[in-house]
**Student:** 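This is the structure I have questions about; it appears just below.
Order of the sequence lines fixes the chain letters, A, B, ..., with proteins taken first and strands second; residue numbering starts at 1 for each chain.
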Number of protein chains: 2
Amino acid sequence: MRIGQLAQQAGVDIQTIRFYERQGLLPPPNREDNGYRTYKADHADKLLFIRRCRSFGMSLEEIGVLQSYQEQPQQPCVAINELLDRHIAQVRNQIASLQVLENQLMTLRGCCDNERQNLDCGVLSGLLGGDKPFS
Amino acid sequence: MRIGQLAQQAGVDIQTIRFYERQGLLPPPNREDNGYRTYKADHADKLLFIRRCRSFGMSLEEIGVLQSYQEQPQQPCVAINELLDRHIAQVRNQIASLQVLENQLMTLRGCCDNERQNLDCGVLSGLLGGDKPFS
DNA sequence: GCTTGACCCTATATATACTACATGGTTTTT
DNA sequence: AAAAACCATGTAGTATATATAGGGTCAAGC
Ligand SMILES: [Zn+2]
Ligand SMILES: [Zn+2]
Ligand SMILES: [Zn+2]
Ligand SMILES: [Zn+2]
């Protein structure tokens, strides 16, 4: 299988596959005489694993760690679950931060009724910080 | 005022000020004979405006647009409020995406009880995609 | 006069996870 | 044979800074 086929199969850009190889997430495939990469089913599996982890928002570094766990089948899986727990905690932190931000933004938005000049815009005043609409 | 003073006053790294200047968000200040930048109160105001916008999660590009509105005091402020509305909508989209992700992650987390080997870890199986715990 | 430390300058590299381009070689199709 | 499609490497771009390298400037103390 050449890189274009693999890319189409996995729904990934060709460049992305080469990028994962450079990052050490995909092992370097064999090369044909002309230098073309040739992949086997194993590579396709690994690529799908990466993409699946990415769809869960994991970083490439986290994915690399998970791969190393995969290569130690006898080890207790506590480390895997801890990694996932940290990842979930981080997602929750992001959500919480964004919710705080959303509230601040709505307060700011409430400072203008949309029918003024830029000079008197409550939103712009709020951003300038002169009058403080926030406690 | 030199760059170090301005940085301390605004609670910003010196590099960040130079970075904003390169990005066109801060006007190039005058230089002393030795090449040192000298700032006035106006610069401090502009820097605080940028930082305040950043604390609301706005991009540097959005901030640039807001600055251009600021320089047109007579224009109706509708554009400002629309920019803010778009920004709020984007924050809400991010929150929604992250909440979907959080649910998926919790489902995945429920696939393992923490007391197995990596080989049998439900989390790892879920990431490998062989058995599909998701609809 | 000289050293030390604090401050300033530019230019470049790093982080993330790709994506796009430039340039050139190879294969396949027409 | 020519054109289209594919592959290769290497570079640069995205966003928002932060960090480092290597060097110039300035004020104080000895
Ligand atoms: Zn994570
Ligand atoms: Zn307004
Ligand atoms: Zn925005
Ligand atoms: Zn497990």
**Student:** Quick check on B:E61: does its CD atom have over 12 non-hydrogen neighbours (other residues, nucleotides or ligands) under 6.0 Å away?
**Tutor:** no
**Student:** Name the nucleic acid region contacted by A:R2, choosing base, sugar-phosphate or nothing; use a 4.0 angstrom heavy-atom cut-off, strictly under.
**Tutor:** sugar-phosphate
**Student:** Side chain of A:R31 only, heavy atoms from C-beta on: which candidate in D:dT16, D:dA8, C:dC9 is closest?
**Tutor:** D:dA8
**Student:** Can B:E62 and B:R86 be counted as an ion pair, charged N to O under 4.0 angstrom?
**Tutor:** no
**Student:** I need the CD1-C1' distance between A:I17 and C:dA17, as an integer number of Å.
**Tutor:** 15 Å
**Student:** In whole angstrom, what separates B:R37's CZ from C:dC8's P?
**Tutor:** 10 Å
**Student:** Can you tell me how far P of D:dG10 sits from CZ of A:R22, to the nearest Å?
**Tutor:** 9 Å
**Student:** Whole-Å distance between C:dC9 P and B:Q15 CD?
**Tutor:** 10 Å
**Student:** Rounded to the Å, how far apart are A:Q23 CD and C:dA15 P?
**Tutor:** 10 Å
**Student:** Out of D:dA8, D:dC26, D:dT16, which nucleotide sits closest to the side chain of B:S59?
**Tutor:** D:dT16
**Student:** Rounded to whole Å, please give me the gap between CG in A:L25 and P in C:dA17.
**Tutor:** 9 Å
**Student:** Mind calculating the distance between CD1 (A:I14) and P (C:dT19) to the nearest angstrom?
**Tutor:** 12 Å
**Student:** Mind calculating the distance between CZ (B:F19) and C1' (D:dA15) to the nearest angstrom?
**Tutor:** 7 Å
**Student:** Report yes or no: does A:R54 contribute a side-chain atom to a donor-acceptor pair with the main-chain N or O of A:G57 at less than 3.5 Å?
**Tutor:** no
**Student:** Nearest heavy atom decides the nucleotide; on that basis, is B:N34 or B:M58 closer to the 5' end of DNA chain D?
**Tutor:** B:M58
**Student:** With DNA chain D as reference, determine whether A:R18 or B:T16 sits nearer its 5' end, using the nearest nucleotide of each.
**Tutor:** A:R18
**Student:** Just one of B:N118, B:N114, B:D113 clears the side-chain hydrogen bond (donor to acceptor under 3.5 Å, both in side chains) bar with B:R116, so which one?
**Tutor:** B:D113
**Student:** Phosphate oxygens OP1/OP2 of D:dA17: is one of them under 4.0 Å from a side-chain N or O of B:Y20?
**Tutor:** yes
**Student:** Closer to the 5' end of DNA chain C via nearest nucleotide, is it A:E32 or A:D13?
**Tutor:** A:D13
**Student:** With a 4.5 Å cut-off on side-chain heavy-atom distances among I, L, V, M, F, W and Y, is there a chain of contacts connecting B:F19 to B:Y36?
**Tutor:** no
**Student:** If you only use heavy atoms from C-beta on, which nucleotide in D:dG24, C:dT19, D:dA8 is closest to the side chain of B:Y36?
**Tutor:** D:dG24
